[in-house]
Amino acid sequence: MVHHRIETRAVAAGRSAEPGSPLNHPLVPASNFLLGGDRAYSRDDGTETWAAFEAAVGALEDAEAVSYASGMAAIAAVFDQLPVGARIVWPEDCYQGVAGLIAEGERLGRWTATRLAVDDTDAWCEAAASADLVWVESPSNPLLQVSDLQRIAATSRAAGSILAVDNTLAGPLGQQPLDLGADVAVQSATKHLGGHSDLLCGVVTTRRSDLVETLRRHRELRGATPGTLEAYLATRGIRTYPLRAAAAAASALELARRLDDHRAVDVVRYPGLAGHPTHEVATRNLSSFGSVISFDLQGGADAADALCGAVEVVRHATSFGAVESTIERRAAVPGQEHLPPGLLRLSVGIEHVEDLWDDLDRAISRPTA
Ligand SMILES: *Cc1c(COP(=O)(O)O)cnc(C)c1O
């Protein structure tokens, strides 16, 4: 069979070829099925709706996909693969839910964890040699640092540890962690795949059949299954994901450059800017620099709060990856106090770039107007 480009796979995957079947995957709200077929009970066997979603995500990454109720459910399932007493390596800049999960496991005596700077690749390689799980988040959230995955993968493979990458920020269009050597990629489908801020869903992808089996079994026993409507909406989101992601990334690059030139802006963090600390590895590992920008205003936290109150097109809200642009002062979020107090995370949507720029420029220059 011809192996199509990712844009085509996003549209074509997860559809039935059966004559007379609906062109779109059906929404099947079923818990149980007539016995004697492939499915008996949906927590164990899934539904056609999840199967379509998993086929579509799997096609985006040439892998098997296992879907969950949320990104955190997918992440927790990966951590639950570890034996008691496992050693974990994880990044200083990281999604705060993962930080909470790791802290809880430490408190319960389930594992020990070593936290490293994202860009200290030598330290990652050294730690990977004796770790059970190497947990990478790349680009990291919200400082947008990119990990040197190939180098880390070489050591972790030699050591037999699991290398897992939280790929939520880049999404499969921006980065293919399994091609770069990861055993497992995880993403919150709540973000880019869903793309409309109207669902929670998560997914793990892997090419290791042993992990597919244990992850599915874990989902059966823990019950963190995706909602049928959510799987349906996320599949629908995948159809336009490449278009949305390309438009948002083009606008983000333009906005990052303009913010970088703005006299009231102090630091802009965007992997596509030549001055970004991990720009070089970003150009190797990412096929798109993505739609998220972090920046600090010269006026610090007060100026950042004022901007959040002054924007009109960009919405003052958390999260990223949706059609609408959102902005948030990240250090105001509990568990993110390590960040510069004024750091703003902007998620660029698909509005016209000039309207976004006018809105930001007006809100930066005249925050109280
Ligand atoms: C949002 C997010 C998650 C968690 O996903 P949910 O769907 O909210 O559970 C995990 N990792 C990163 C990087 C995220 O941005």
Side-chain angles (χ1 to χ4, degrees), residues 50 53 57 65-80 88 90-104 115 118 133 135-147 149 164-175 177 182 184-205 219 222-227 229-231 233-235 237-238 241 245 248 252 269 271 285-286 290-294 317-322 324 326-328 330 333-336 338-339 343-349:
W50 313 359
F53 174 65
V57 179
V66 186
S67 57
Y68 294 88
S70 67
M72 280 310 300
I75 290 167
V78 174
F79 278 82
D80 279 351
I88 298 171
W90 66 297
E92 274 171 8
D93 187 41
C94 183
Y95 185 66
Q96 92 275 7
V98 172
L101 185 75
I102 290 175
E104 193 191 85
R115 203 168 187 183
V118 172
L133 174 67
W135 184 265
V136 171
E137 182 175 310
S138 176
S140 66
N141 177 18
L143 293 176
L144 305 177
Q145 292 173 316
V146 182
S147 299
L149 269 176
V165 177
D166 185 337
N167 197 38
T168 302
L169 216 120
L173 209 84
Q175 180 175 246
V184 168
V186 180
Q187 66 183 305
S188 166
T190 309
K191 314 290 167 61
H192 296 293
L193 300 186
H196 295 74
S197 309
D198 56 3
L199 63 90
L200 283 171
C201 187
V203 58
V204 176
T205 46
R219 183 179 61 183
R222 304 304 192 283
T225 54
L229 180 61
E230 284 77 0
L233 288 172
T235 309
I238 288 173
Y241 161 55
R269 296 176 189 80
N285 287 7
L286 305 184
S291 56
V292 179
I293 303 168
S294 291
T318 192
S319 201
F320 58 84
E324 65 277 358
T326 55
I327 197 161
E328 171 186 36
R330 259 332 259 183
V333 175
Q336 298 276 287
H338 68 289
L339 298 173
L343 182 130
L344 288 160
R345 187 183 68 191
L346 169 66
S347 169
V348 180

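Counting convention: from 1, in listed order, for ligands and their atoms alike.
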Legend entry - Nearest-contact summary for atom 15 (O) of ligand 1 - protein heavy atom, Å: K191 NZ, 2.7 Å

Inset, instruction - Work out which heavy atom in Q336 is nearest to a heavy atom in R330; give both atom names and the distance. - result: CB-O, 3.4 Å

Inset, instruction - Could you list which atoms of ligand 1 come closer than 4.0 Å to a heavy atom of M72? - result: 4 (C), 5 (O), 6 (P), 9 (O)

Inset, instruction - Mind checking ring pair (Phe, Tyr, Trp, His ring centres under 6.0 Å) for F320 and listing every partner two or more places apart, or none if nothing turns up? - result: H192

Inset, instruction - Ignoring hydrogens and angles, tell me if any N or O in the side chain of T190 forms a donor-acceptor pair with the backbone of C201 under 3.5 Å. - result: yes

Inset, instruction - May I ask whether N141 has any heavy atom positioned less than 4.0 angstrom from an atom of ligand 1? - result: yes

Legend entry - Which atom of G290 lies closest to which atom of A252, heavy atoms considered: O-CB, 3.4 Å

Legend entry - Shortest protein contact, atom 11 (N) of ligand 1 (heavy atom only): D166 OD2, 2.7 Å

Legend entry - Minimal non-hydrogen separation, L199 against G194, with atom names: CD2-CA, 4.0 Å

Inset, instruction - Please identify each residue that fulfils side chain to side chain contact (heavy atoms under 4.5 Å, CB included) with T225, with sequence neighbours left out. - result: R43, W50, R219

Inset, instruction - Report, in ascending order of atom number, the atoms of ligand 1 lying under 4.0 Å from any heavy atom of I75. - result: 10 (C)

Legend entry - Closest contact, heavy atoms only, N167 versus P172: ND2-N, 3.8 Å

Legend entry - Within-cut-off N or O pair, T190 and ligand 1, under 3.5 Å: yes

Inset, instruction - Please report which non-hydrogen protein atom sits nearest to atom 6 (P) of ligand 1, along with the residue it belongs to and the distance in Å to one decimal place. - result: G71 N, 3.3 Å

Legend entry - ligand 1 atoms in contact with F320 (distance to a heavy atom under 4.0 Å): 15 (O)

Legend entry - Protein contact of atom 4 (C) of ligand 1 - nearest heavy atom, named by residue and atom, plus distance: Y95 CE2, 3.5 Å

